[in-house]
Amino acid sequence: MMSLRVLVIALFLAAIALLGVVETVARRERSAVPTLGEMCGFVMSYRLGWLPVGRIGVFGFWWWLGWHFFAR
Amino acid sequence: MERPSEFAAPAERAWTRSAVLVPVFALISLVAGALPSFSLSANLLVLCTGGSLFWIGVSNTVREVQPLPRVPAVAAWWIVPFGLLILVEAATFLLGSTDSHPTLSRLADPVLERYLARSALFYGWMTAFWGMARR
């Protein structure tokens with residue numbers, strides 16, 4: 001089903017384009033929208049007591065993503 | 001919106017300078033681009049570089065930017081692209097990731113077979129890792 005494949009690719013491209021749009025809006029001067037980096041920083045600041053759960057989660061996910069794409 | 005400020009006078013280490021990191025990352029990426037998927041060497045390289053960057057990130061060794069104390073409601077705009085990405089990825093994964101409804105990694109496979117693309121994406125992966133470690 002070629003048309004379904006095209007639709008899936010179009011949806012992925014739309015999601016990536018939307019990421020670019022929101023980041024561009026966030027980087028405008030006086031924008032109320034935080035950038036992706038600021039969002040990551042906020043998520044990574046989450047702690048459970050002494051344990052930096054946010055940092056472990058984000059870095060763990062990124063590490064796994066690299067392994068998923070480049071090693072397996 | 002109130003932007004986060006840099007931490008007060010972080011002592012810059014020699015090895016964290018761009019002049020050092022860019023060639024090191026480039027060299028590792030050039031090696032990574034030549035390693036095929038499922039090979040022991042590719043696994044070891046990702047585990048070692050990822051592990052090092054994970055440790056640097058979790059231990060706050062190079063952290064320079066103070067995080068936002070809270071995020072405004074408009075930050076919910078980020079849900080739109082990530083929600084769409086997760087929705088399509090989950091649907092294609094549940095449908096078995098075939099040629100007619102491929103997951104992102106299946107679509108990326110032919111691209112990652114090319115040496116330069118693989119090296120460039122590996123470089124991007126490490127740079128993003130480093131960027132997050134600084135936050």
Side-chain angles (χ1 to χ4, degrees), chain A residues 1-47 50-72, chain B residues 1 3-4 32 35 37-39 42-47 49-51 53-55 57-58 60 65-75 77-78 80-89 91-92 99-105 107-109 112 118 121-122 125-126 128-129 131-133 135:
Chain A
M1 292 266 279
M2 203 59 196
S3 59
L4 196 56
R5 181 184 170 84
V6 171
L7 176 69
V8 168
I9 293 170
L11 287 170
F12 275 128
L13 289 176
I16 293 165
L18 281 170
L19 281 172
V21 168
V22 180
E23 180 68 13
T24 305
V25 169
R27 282 174 183 266
R28 285 191 343 203
E29 207 160 331
R30 295 177 181 275
S31 173
V33 182
T35 63
L36 186 58
E38 287 168 342
M39 288 296 289
C40 284
F42 177 74
V43 172
M44 288 192 296
S45 67
Y46 185 72
R47 302 178 76 95
W50 57 270
L51 196 65
V53 179
R55 293 185 86 75
I56 291 171
V58 170
F59 291 125
F61 170 73
W62 201 250
W63 190 3
W64 171 83
L65 202 69
W67 175 79
H68 180 66
F69 278 96
F70 301 112
R72 61 148 297 280
Chain B
M1 190 182 67
R3 297 291 176 192
L35 304 178
S37 289
F38 298 105
S39 65
N43 270 283
L44 285 175
L45 187 69
V46 171
L47 288 175
T49 50
L53 290 165
F54 179 91
W55 180 251
V58 170
N60 293 333
V65 184
Q66 204 160 24
L68 295 173
R70 68 189 73 84
V71 291
V74 286
W77 276 109
W78 281 108
V80 178
F82 279 112
L84 180 61
L85 199 62
I86 291 166
L87 199 73
V88 182
E89 179 71 4
T92 51
D99 274 343
S100 58
H101 28 71
T103 54
L104 200 55
S105 51
L107 286 171
D109 278 346
L112 288 170
R118 194 177 182 85
L121 287 168
F122 197 91
W125 175 69
M126 281 197 298
F129 220 139
M132 288 190 290
R135 289 196 168 266

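Chain A is the first sequence line, chain B the second, and so forth, proteins listed ahead of strands; every chain is numbered from 1.
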Less than 4.5 Å to any heavy atom of chain A: does that hold for the side chain of [X], its backbone, both, or neither?
X: B:Thr49; value: neither
X: B:Leu44; value: neither
X: B:Leu47; value: both
X: B:Leu112; value: side chain
X: B:Ala108; value: side chain

Pick from A:Trp67, A:Phe42, A:Trp62: which one has the most heavy-atom pairs with chain B under 4.5 Å?
A:Trp62
Please determine, among A:Val25, A:Leu65, A:Val22, the option with the most heavy-atom pairs under 4.5 Å with chain B.
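Max contact count across the listed options: A:Val22.
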Return yes if some donor-acceptor pair links the side-chain N/O of B:Trp77 with the main-chain N/O of A:Ala26 below 3.5 Å, else return no.
no
Considering only heavy atoms from C-beta outward, does the side chain of [X] approach that of [Y] to under 4.5 Å?
X: A:Ile56; Y: B:Phe54; answer: yes
X: B:Leu107; Y: A:Phe12; answer: yes
X: A:Phe70; Y: B:Leu35; answer: no
X: A:Phe69; Y: B:Arg118; answer: no

Ignoring hydrogens, what is the shortest heavy-atom contact between [X] and [Y]? Give both atom names and the distance.
X: B:Ala133; Y: A:Arg55; answer: O-NH2, 3.2 Å
X: A:Met44; Y: B:Met132; answer: CE-O, 3.2 Å
X: B:Leu84; Y: A:Leu11; answer: CD2-O, 3.8 Å
X: A:Ala15; Y: B:Pro81; answer: O-CB, 3.7 Å
X: B:Asp99; Y: A:Arg5; answer: O-NH1, 2.9 Å
X: A:Gly66; Y: B:Val46; answer: C-CG1, 3.9 Å

CD of B:Gln66 to OG of A:Ser45: how many Å apart, nearest 0.5 Å?
10.5 Å
In Å, rounded to the nearest 0.5 Å, how long is the span from OG1 of A:Thr35 to CG of B:Leu68?
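With rounding to 0.5 Å, OG1 (A:Thr35) is 7.5 Å from CG (B:Leu68).
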Assign the ring pair A:Phe59 / B:Phe129 to parallel, tilted or perpendicular, where the plane angle (0 to 90°) is split at 30° and 60°.
parallel
Flag the one option from B:Pro102, B:Ala42, B:Ser39 with the top tally of heavy-atom pairs under 4.5 Å to chain A.
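Among the listed options, the one with the most contacts to chain A is B:Pro102.
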Among B:Thr103, B:Thr92, B:Val88, who wins on heavy-atom pairs under 4.5 Å with chain A?
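The answer is B:Val88.
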Can you tell me which portion of A:Ala17 sits under 4.5 Å from chain B's heavy atoms? Options are side chain, backbone, both or neither.
neither
